[in-house]
Student: 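Before I ask anything, here is the structure I am working with.
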Amino acid sequence: MNLEIPDGLGDMLRDFTVSVLREKPMDIYEYAVEYFTKVRDKKANKNVPMYIIVDDDDQAREPDPGEFRPITQKNNRFARRHSVSAERYDPEADDDTEKVVHPKTDDQRERLLEAVGGILLFRSLDPDQMQDVLDAMFEKRATPGEHVIEQGDDGDNFYVIDQGTYDVLVTVNGEQKRVHVFEDQGSFGELALMYNMPRSATVVAKTKGVLWAMTRNSFRTIVLKAAFKKRKMYESLLEGVPMLKHLDQYERMNLADALTPRIYQDCIILKEGDDADGMYFIEDGNVKITITKDGKEAEVARSGKGKYFGEMALVENKPRSANVYAVGKVKLAFLEVESFERLLGPCLDIMKRTIAKYKQK
């Protein structure tokens, strides 16, 4: 009897074995159920290349599952296309450091910076990486009726809209339907580049327009590689935070993805009495913490790499109880309040105990 080993089984069992050896669970059967449930959910969350993400406000934000418009293999004649020329991208194997620079006038650079300002994909980039994005993009003029991208084609460029109106069209059961309209803002074309899939929609210019384009290679080496390095760096940072020891590897990975970089230098970061919008992890540098007593401001502590602050106001749902200043240049990882409530539930009891001890001092 010949038994064929399914693709991916070896990697799946290897990863599970490594996880078991690392975590040393008391009940391996319960651990297996939890582990593979999370793997399944993670895979489901990532399986979005054949969907159009439509934001009615044309503003970058986390998409809700209800916003996905499916193009299934059953009803899309392009879904089974095999001639995708884009090879799978491995950020760890990419050692290409050559930068692509397309010269721009001051006016073009200013317009481009405004066009990319609200795009979710670029939210995690630091200032240097953002400059690489601006350098790598080139201007493309669109004419009325021009098909900027075509459903089923291989992905070549990622596009940011500067000017113009563009229809997003999807062919289902041989019938083409308009599913969205971009007007003078927005971006498209990233899914085919991120997931090595054919274009999932056609975008047609309704008017004259101006687009900013970035090639597949530049998109991957700047945006995807930066996202990969950010996750690895933040995972390493979070592993050193004692409060987060109760999070498993999957939960820490989600937390790392939710963090965004912020840089301060010799200035105030948090002000006593302000509403809380999130908490901070110190990636590099030092901060000074002060409180006001009897009308006078006094320093009470200093914190450095691997420490965190700003959580007290979130846990107690109160205004900020201290001032925090950057001492020199400080690199921080910021976690907004919504992500805090969603991702740090297992750590709330530890935070509350820590805050209680702090107040007793």
Side-chain angles (χ1 to χ4, degrees), residues 113 117 122-134 226-227 229-247 252 255-341 343-344 347-348 350-361:
L113 187 60
F122 300 146
R123 189 178 66 172
S124 64
L125 300 183
D126 62 32
D128 290 338
Q129 292 164 339
M130 198 65 208
Q131 289 304 312
D132 290 342
V133 167
L134 300 183
K229 290 172 66 177
K230 166 186 170 276
R231 172 186 281 185
K232 289 295 183 183
M233 177 183 66
Y234 284 162
E235 282 183 340
S236 177
L237 173 68
L238 297 174
E239 284 175 358
V241 178
M243 174 192 73
L244 303 180
K245 294 296 184 184
H246 282 63
L247 299 181
R252 275 196 299 269
L255 179 56
D257 286 340
L259 297 175
T260 55
R262 293 195 176 180
I263 298 177
Y264 298 86
Q265 185 161 355
D266 293 316
C267 63
I268 190 166
I269 302 170
L270 299 183
K271 187 177 181 181
E272 194 172 355
D274 282 355
D275 292 333
D277 59 347
M279 69 174 292
Y280 298 80
F281 296 89
I282 304 175
E283 182 184 333
D284 192 36
N286 294 279
V287 300
K288 176 179 69 175
I289 303 170
T290 71
I291 59 174
T292 303
K293 283 188 176 181
D294 301 324
K296 294 183 178 180
E297 191 174 354
E299 180 177 336
V300 294
R302 293 206 175 202
S303 293
K305 182 176 181 179
K307 301 296 183 179
Y308 58 90
F309 60 90
E311 82 290 354
M312 185 181 297
L314 300 180
V315 172
E316 298 185 330
N317 194 27
K318 294 180 179 179
R320 300 292 189 189
S321 59
N323 305 298
V324 181
Y325 295 88
V327 180
K329 185 177 181 179
V330 182
K331 295 180 71 175
L332 303 173
F334 176 69
L335 181 69
E336 62 183 10
V337 61
E338 292 82 3
S339 298
F340 173 88
E341 294 169 349
L343 298 172
L344 289 185
C347 304
L348 285 179
I350 299 173
M351 287 184 180
K352 290 176 182 177
R353 289 198 298 269
T354 302
I355 291 171
K357 291 179 182 178
Y358 174 77
K359 288 183 174 180
Q360 292 172 3
K361 293 182 180 180

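Since this is a predicted model, take the numbers as computed values, not measurements.
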Student: Check residues 274-286 and write down every donor-acceptor pair under 3.5 Å in which the side-chain atom is one partner and the other belongs to a residue at least two apart or another chain.
Tutor:
from, atom 1, to, atom 2, distance (Å)
D277, OD1, R320, NH2, 3.2
Y280, OH, R262, NH1, 3.4

Student: Within the distance-only criterion (no hydrogens, no angle test), does the side chain of K307 pair as donor or acceptor with the backbone N or O of V287 below 3.5 angstrom?
Tutor: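 Answer holds: no.
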
Student: Where do L335 and A258 come nearest, in terms of heavy atoms and distance?
Tutor: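 Nearest pair, atom of L335 first, then A258: CD1-CB, 3.8 Å.
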
Student: Rounded to the nearest 0.5 Å, what separates atom CD in E235 from atom NZ in K230?
Tutor: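 Between atom CD of E235 and atom NZ of K230 there are 10.0 Å.
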
Student: So, taking the atom named CD in E239 and the one named CG in L237, what distance separates them when rounded to the nearest 0.5 Å?
Tutor: 9.5 Å

Student: Ignoring hydrogens and angles, write down the donor-acceptor pairs under 3.5 Å from the side chains of residues 288-299, residues two or more places apart or on other chains.
Tutor:
from, atom 1, to, atom 2, distance (Å)
T290, OG1, E297, OE2, 2.6
T290, OG1, N323, ND2, 3.2
T292, OG1, E272, OE1, 3.0
E297, OE2, N323, ND2, 3.4
E297, OE2, Y325, OH, 2.7
E299, OE2, R302, NE, 2.8

Student: Hey, what do you get for CG (L255) to OH (Y234), rounding to the nearest 0.5 Å?
Tutor: 11.0 Å

Student: Any idea which heavy atoms bring L259 and A333 closest together, and the distance?
Tutor: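 What the structure gives for the nearest pair is CD1-CB, 3.9 Å.
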
Student: Just do the side-chain contact (heavy atoms from CB on, under 4.5 Å) check on L332 and F309 with the steps written out, would you?
Tutor: CA-CA 10 Å; L332 303 173; F309 60 90; 3.9 Å; yes

